[in-house]
Q: 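First the structure, then my questions, so here it is.
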Amino acid sequence: MKAEIYTATGCARCKITKKYMQENAIEYNESDFKAEGKETFAQFYRAHRNAIFRDKDGVEFPVFHDGKEIRQGVSVILGYLVAGDRLDGFISRSALHGEWIDGFDISGGDPEASSHLYEVLSYLKASNLKVQVITNGKNATVLENLVNNNLCDKIVMEVKGPFGLYEKLTGQKLKENELKQSIKVTTMAPEYSFFTTIAPLEKEPGRIEYLTPEEIGETAKLIEEATGSKKHPYTIRQFDPGQTTNEQLKKIEPLASGALFKYRTAARPFQVMTEIHK
């Protein structure tokens, strides 16, 4: 069967998606939600409500359906058309609109599928979108290739904490030189920033504690060691128990907002531009 694509009049990202499909001889039927396809999409939405993202601004277009999978958003659809589900760890929906697009987690995907990721990002860049990616340090070589090939315009790196706690904070094994490589490469992007969330973790069995100011100081020092500079945009963020899926961490009391000043003070000897996220 032909793929179905649901679009909206004036949607630039819908045009990019259709252009890619046309260039790659992917046949499709189009239903324009703002024109003759309004009722067709309404029926489709009622049948697949749980699989379609919708927020206060409405449904994000385009929406793609090939009879097996429903994919939504230009980057997610292109990723699926290029590599099936192999890019699912790298690509998720974008929260940015207009000329910027995000939803690319360099640490979340399989590096063996990175050539497919480069293909998607290259097409988006050629379509005049600005690409923002995130990383926590894993897949440093993938990140470096993006920068060297001008495939991203901004990198936001979450430096989870000091290296000694990284595995507990991420659940992933990571070598220190790879983490430092990612930190250094981040500063090579046209725009970049670092941040750390003051997260709770189980440092010992049965004992959950927040990262300490001293540990945030060690994290800022790690950035300095990796880059040779104390002058990077670095933000400290408060952990929100309401946003976690970890049932154990949902019960922890949030830090008092005033406590963050101690963390900023501990970080500034190593990153003088440290600020508290507002």
Side-chain angles (χ1 to χ4, degrees), residues 75 89-92 94-96 100-111 114 117-118 121 125 130-199 201 211 215-240 243 260 263-264 266-278:
S75 57
F90 280 128
I91 304 176
S92 58
S94 174
L96 299 179
W100 281 93
I101 187 166
D102 66 348
F104 305 100
D105 182 356
I106 305 308
S107 302
D110 177 2
S114 59
L117 175 65
Y118 304 151
L121 294 179
K125 288 277 292 175
K130 292 185 176 181
V131 173
Q132 174 178 300
V133 306
I134 62 171
T135 179
N136 68 19
K138 189 179 179 183
N139 295 337
T141 300
V142 176
L143 186 69
E144 187 167 6
N145 286 337
L146 292 186
V147 173
N148 289 341
N149 289 283
N150 300 312
L151 293 178
C152 64
D153 300 278
K154 183 175 182 179
I155 300 174
V156 178
M157 180 168 184
E158 181 175 12
V159 186
K160 290 282 191 175
F163 178 72
L165 293 175
Y166 233 78
E167 185 173 346
K168 287 187 176 182
L169 287 163
T170 64
Q172 302 171 331
K173 289 188 176 181
L174 186 67
K175 293 181 179 179
E176 187 172 6
N177 61 350
E178 182 176 14
L179 176 57
K180 287 185 174 181
Q181 181 186 357
S182 287
I183 293 172
K184 185 176 181 179
V185 169
T186 293
T187 67
M188 297 162 56
E191 295 183 43
Y192 71 92
S193 63
F194 297 101
F195 77 92
T196 302
T197 299
I198 303 172
L201 72 159
L211 290 171
E215 288 163 344
I216 293 298
E218 291 176 39
T219 307
K221 186 178 180 181
L222 176 65
I223 298 172
E224 180 190 5
E225 290 174 347
T227 64
S229 173
K230 296 176 182 285
K231 296 182 178 180
H232 298 297
Y234 179 49
T235 305
I236 296 168
R237 300 187 182 184
Q238 187 171 21
F239 177 78
D240 182 357
Q243 296 298 313
L260 272 64
Y263 288 87
R264 184 180 66 181
R268 279 190 169 174
F270 309 102
Q271 290 301 319
V272 298
M273 297 167 62
T274 302
E275 295 294 348
I276 297 169
H277 179 71
K278 296 179 181 179

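Excluded from the calculations below are hydrogen atoms, water molecules and symmetry mates; all remaining heavy atoms, backbone and side chain alike, are included.
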Q: Is any side-chain heavy atom of N136 closer than 4.5 Å to one of I106?
A: no
Q: Tell me whether K230 contacts the main-chain N or O of P269 through its side chain, where contact means a donor paired with an acceptor under 3.5 Å.
A: yes
Q: Would you call K184 and E225 a salt bridge, using N to O less than 4.0 angstrom?
A: no
Q: Looking at H277, is its backbone amide N or carbonyl O close enough to the side chain of R237 to form a donor-acceptor pair, meaning the two atoms are under 3.5 Å apart?
A: no
Q: Is the backbone of D110 close enough, under 3.5 Å, to the side chain of S114 for a donor and an acceptor to pair up by distance?
A: no
Q: Indicate yes or no: does E178 engage K180 in a salt bridge with an N to O separation below 4.0 Å.
A: no
Q: Taking all heavy atoms of S92 and all of S75, pick out the closest pair and write down the distance.
A: O-OG, 4.0 Å
Q: Just wondering, do Q132 and W100 contact through their side chains at under 4.5 Å, heavy atoms?
A: yes
Q: Using a strict 4.0 Å threshold on nitrogen-to-oxygen distance, state whether D102 and K154 make a salt bridge.
A: no
Q: Answer yes or no: does atom NZ of K221 have more than 12 heavy-atom neighbours from other residues, nucleotides or ligands under 6.0 Å?
A: no
Q: Looking at side-chain heavy atoms only, is the closest gap between Y118 and N145 below 4.5 Å?
A: yes
Q: Specify whether F163 and Y166 have parallel, tilted or perpendicular ring planes, treating 30° as the upper limit for parallel and 60° as the lower limit for perpendicular.
A: parallel
